[in-house]
Undergrad: 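Next up is a structure, given as structure tokens.
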Amino acid sequence: MEFNHKSVLFDEAIDALAIDESKIIADGTAGGGGHSSEIAKRARKLIAIDRDPDAIKVLNERLGDIPNVSIVHGNFADIKEILSSLGICGIDGLLLDLGVSSFQLDEAARGFSFHQNAPLDMRMSKEGLSARDVVNTYSEQALADIIWRYGEEKYSRSIAKNIVAARGEKPIETTFELVEVIRKSMPARELKKGHPARKTFQAIRIEVNGELEKLKEALNNAFDCLNPGGIIAIITFHSLEDRIVKEKFAEWTRGCVCPKEFPVCVCGNKPRGELPFKSKSPSEKELSENPRARSSRLRVFKKF
């Protein structure tokens, strides 16, 4: 099985984790092992986690024989349970490379891509609720809300209305059938501004995989598992997940919140960590080599 994924912001993320032979590092989105392979060379212990069973097969082929590597089929939000099952009390670093992998996009049968015709699926875990279920069973209001909230698509109501109308004639089964409904829901001028289905597909994918809720859960759990001096490095690919990471990091680094007129602090709030840098984006060189990196951003938090 070919599971090729060009790791975005590779050097920046690896450097940010400050890995050495004393450290235990978890890669919560190990995928095809791009970041994980390098971490395994430098760390005392690597815990490579992924929810995608195809990724787990490839990780076992590529990293399974390395003594300091543990490969776990699971969700990074369950980091506490995963560490407990391995008898590990804390970690010194966590890397999350969010979003959908190149393998998942390029493998037409997974149903993630609006460029290839395939059954509507979009499940990272290959289990549970699918894109077909969302498109064919959610109410018009629920669809409009999801497409607006998770896709920030201004034509969400029109798209939801036309989805319900189309499925009234026959179920929407494939990616191209959904793309066609989306095209018909937008004015002609909008079709010239990029692929019309991008935002709607993103929204449905986020809903199917519970991505934003799992990210919020993972951040809180990861902080509890992080040893003093430990680092969380997260690569995001759209504004919704980036906002969640940015706000949580800001919360952890916030000090006194008392009104300025108070002569002394009474809130007792102290920073629980620091940001080594504000954020990093791909270089022009990386963007020229990997256009899919264009929306990525790296944020890093270091625990006190």
Side-chain angles (χ1 to χ4, degrees), residues 3-10 12-14 16 26-36 48-56 58-59 74-77 79 94-108 110-116 121-126 130-131 134 146-147 149-153 175 194-195 197-219 222 232-249 279-282 286-287 289-300:
F3 200 118
N4 295 316
H5 175 62
K6 210 163 194 176
S7 298
V8 172
L9 290 160
F10 180 88
E12 293 87 345
I14 294 296
D27 184 348
T29 48
H35 288 114
S36 282
I49 305 164
D50 208 284
R51 67 196 295 188
D52 188 332
D54 289 345
I56 293 299
V58 172
L59 288 168
N75 193 302
F76 57 67
I79 186 70
L94 170 67
L95 173 64
L96 297 180
D97 182 356
L98 302 175
V100 62
S101 72
S102 296
F103 169 81
Q104 291 165 332
L105 281 172
D106 295 338
E107 186 75 9
R110 300 296 296 270
F112 283 98
S113 176
F114 42 75
H115 292 299
Q116 303 181 81
D121 194 327
M122 303 192 194
R123 296 174 297 176
M124 292 181 178
S125 65
K126 290 189 164 185
S130 71
V134 171
I146 288 164
I147 295 168
R149 189 183 321 126
Y150 295 154
E152 299 178 307
E153 171 58 74
T175 54
H195 200 290
R198 181 177 61 83
K199 293 180 179 180
T200 299
F201 269 58
Q202 172 183 295
I204 294 171
R205 190 201 80 218
I206 289 172
E207 172 69 11
V208 166
N209 296 289
E211 292 175 38
L212 300 187
E213 292 308 313
K214 289 297 183 183
L215 175 57
K216 292 174 185 176
E217 187 179 341
L219 286 167
I232 299 176
I234 303 183
I235 301 169
T236 64
F237 286 86
H238 57 77
S239 60
L240 297 175
E241 57 192 15
D242 186 60
R243 191 177 306 131
I244 290 170
V245 175
K246 181 180 178 181
E247 290 176 354
K248 181 55 71 172
F249 284 5
S279 68
K280 290 185 179 180
S281 299
E286 180 170 3
L287 289 173
E289 295 172 351
N290 183 14
R292 285 179 179 170
R294 66 186 178 277
S295 58
S296 62
R297 185 179 296 271
L298 172 67
R299 294 188 186 274
V300 175

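Values below: every heavy atom of this structure, side chains too, minus hydrogens, waters and symmetry copies. Keep in mind it's a predicted model, so treat the numbers as computed, not measured.
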Undergrad: Considering all heavy atoms of both residues, which atom of Leu96 and which atom of Gly28 are nearest to each other, and what is their separation?
TA: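 Residues Leu96 and Gly28, closest heavy atoms: CD2-CA, 3.7 Å.
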Undergrad: Write down the atom of Ala233, the atom of Leu298, and the distance for their closest heavy-atom approach.
TA: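 Minimum heavy-atom separation between Ala233 and Leu298: CB-CD1, 4.1 Å.
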Undergrad: Which atom names give the shortest non-hydrogen contact between Pro53 and Arg51, and what distance separates them?
TA: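 Minimum heavy-atom separation between Pro53 and Arg51: CD-O, 3.4 Å.
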Undergrad: Grab the two heavy atoms, one from Ala48 and one from Ala30, that are nearest each other, plus how far apart they are.
TA: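 Looking at all heavy atoms of both residues, the shortest contact is CB-CB, 3.8 Å.
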Undergrad: Just by distance, do the side chain of Arg299 and the backbone of Ile235 share a donor-acceptor pair under 3.5 Å?
TA: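 The answer is no, because no donor-acceptor pair under 3.5 Å joins these two groups.
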Undergrad: Applying ring pair (Phe, Tyr, Trp, His ring centres under 6.0 Å), can you list everything that pairs with Phe10, at least two apart in sequence or on another chain?
TA: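 For Phe10, the residues satisfying ring pair (Phe, Tyr, Trp, His ring centres under 6.0 Å) (neighbours in sequence not counted) are His35.
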Undergrad: With a 4.0 Å cut-off, would you call Glu213 and Lys216 a salt bridge?
TA: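 Yes, charged N to carboxylate O under 4.0 Å.
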Undergrad: Okay, side chain of Gln202, backbone of Tyr150: is any donor-acceptor separation there less than 3.5 Å?
TA: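 Indeed, once roles are kept as given, a pair shorter than 3.5 Å links the two residues.
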Undergrad: Do Arg198 and Glu153 have side-chain heavy atoms sitting under 4.5 Å apart?
TA: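 A side-chain contact is absent here, since even the closest heavy-atom pair is not under 4.5 Å.
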Undergrad: Evaluate the side-chain proximity of Arg110 to Asp52: yes if any heavy-atom separation is below 4.5 Å, no if none is.
TA: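 Of all side-chain heavy-atom pairs linking Arg110 with Asp52, at least one is under 4.5 Å.
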Undergrad: List the residues meeting salt bridge (charged side-chain N to carboxylate O under 4.0 Å, His left out) with Glu12, not counting sequence neighbours, and say none if there are none.
TA: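 Here no residue qualifies.
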Undergrad: If we ignore hydrogens and angles and just use 3.5 Å, is the side chain of Ser295 paired with the main-chain N or O of Phe237 as donor and acceptor?
TA: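 Confirmed, Ser295 side chain pairs with Phe237 backbone.
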Undergrad: To the closest 0.5 Å, what do you measure between CD1 (Ile146) and CD (Glu207)?
TA: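 The CD atom of Glu207 is 3.5 Å from CD1 of Ile146, to the nearest 0.5 Å.
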Undergrad: Check Leu9 against Ser296 and note the closest heavy-atom contact, atom names and distance.
TA: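 What the structure gives for the nearest pair is CD1-OG, 3.8 Å.
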Undergrad: Is a side-chain donor or acceptor of Gln116 paired with a backbone partner of Leu105 at a separation under 3.5 angstrom?
TA: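 Answer holds: yes.
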Undergrad: If you take all heavy atoms of Val100 and Arg205, which pair is closest and at what distance?
TA: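 It is CG1-NH1, 4.0 Å.
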Undergrad: To the nearest 0.5 angstrom, please state how far the CG atom of Leu215 sits from the CG atom of Leu219.
TA: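 So the CG of Leu215 and the CG of Leu219 are separated by 4.5 Å.
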Undergrad: With sequence neighbours left out, write down each residue that passes side-chain hydrogen bond (donor to acceptor under 3.5 Å, both in side chains) with Thr236, or none if nothing qualifies.
TA: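 Listed in chain order: Asp242.
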Undergrad: Counting only N and O atoms by type, is there a donor-acceptor contact under 3.5 Å from the side chain of Arg243 to the main-chain atoms of Leu240?
TA: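 Checking the backbone N and O of Leu240 against the side chain of Arg243, no donor-acceptor pair under 3.5 Å is found.
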Undergrad: Heavy atoms, side chains only, cut-off 4.5 Å: are Lys280 and Val300 in contact?
TA: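 No, too far: nothing below the 4.5 Å cut-off.
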Undergrad: Backbone N or O of Met122 within a donor-acceptor pair of the Asn209 side chain at under 3.5 Å?
TA: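 Confirmed, Asn209 side chain pairs with Met122 backbone.
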Undergrad: Under the salt bridge (charged side-chain N to carboxylate O under 4.0 Å, His left out) test, which residues partner Arg292, sequence neighbours left out?
TA: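 Arg292 satisfies salt bridge (charged side-chain N to carboxylate O under 4.0 Å, His left out) with Asp106 once adjacent residues are dropped.
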Undergrad: Do Glu107 and Phe112 have side-chain heavy atoms sitting under 4.5 Å apart?
TA: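 Answer no - side chains too far apart.
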Undergrad: Can you check whether Ile79 reaches Ile49 side chain to side chain, under 4.5 Å on heavy atoms?
TA: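 Side chain of Ile79 against side chain of Ile49, heavy atoms only: contact under 4.5 Å found.
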Undergrad: With distance as the sole test, does Asp50 use its side chain to make a donor-acceptor pair with the main-chain N or O of Gly31 at under 3.5 Å?
TA: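 Looks like yes, one N/O pair under 3.5 Å.
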Undergrad: Suppose we screen for ring pair (Phe, Tyr, Trp, His ring centres under 6.0 Å). Which residues come up paired with Phe76, at least two apart in sequence or across chains?
TA: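 If we apply the ring pair (Phe, Tyr, Trp, His ring centres under 6.0 Å) test to Phe76, skipping adjacent residues, there are no hits.
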Undergrad: Does Glu211 use its side chain to pair, donor to acceptor, with the backbone of Gly99 at less than 3.5 Å?
TA: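 A pair under 3.5 Å: no.
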Undergrad: Can you tell me how far NZ of Lys214 sits from CG of Leu212, rounded to the nearest 0.5 angstrom?
TA: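 Rounded to the nearest 0.5 Å, the CG-NZ separation comes to 12.5 Å.
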Undergrad: Quick one: list whatever passes side-chain hydrogen bond (donor to acceptor under 3.5 Å, both in side chains) with Ser239, sequence neighbours left out.
TA: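 Glu152.
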Undergrad: Let's go through Glu241 and Ile234 carefully: what are the C-alpha distance in whole Å and the side-chain angles of both, what is the deciding distance for side-chain contact (heavy atoms from CB on, under 4.5 Å) to 0.1 Å, and is it a yes or a no?
TA: CA-CA 10 Å; Glu241 57 192 15; Ile234 303 183; over 6 Å; no
Undergrad: I'd like to check Ile232 versus Phe249 (side-chain heavy atoms, cut-off strictly below 4.5 Å). Are they in contact?
TA: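 The answer is yes; the side chains approach within 4.5 Å.
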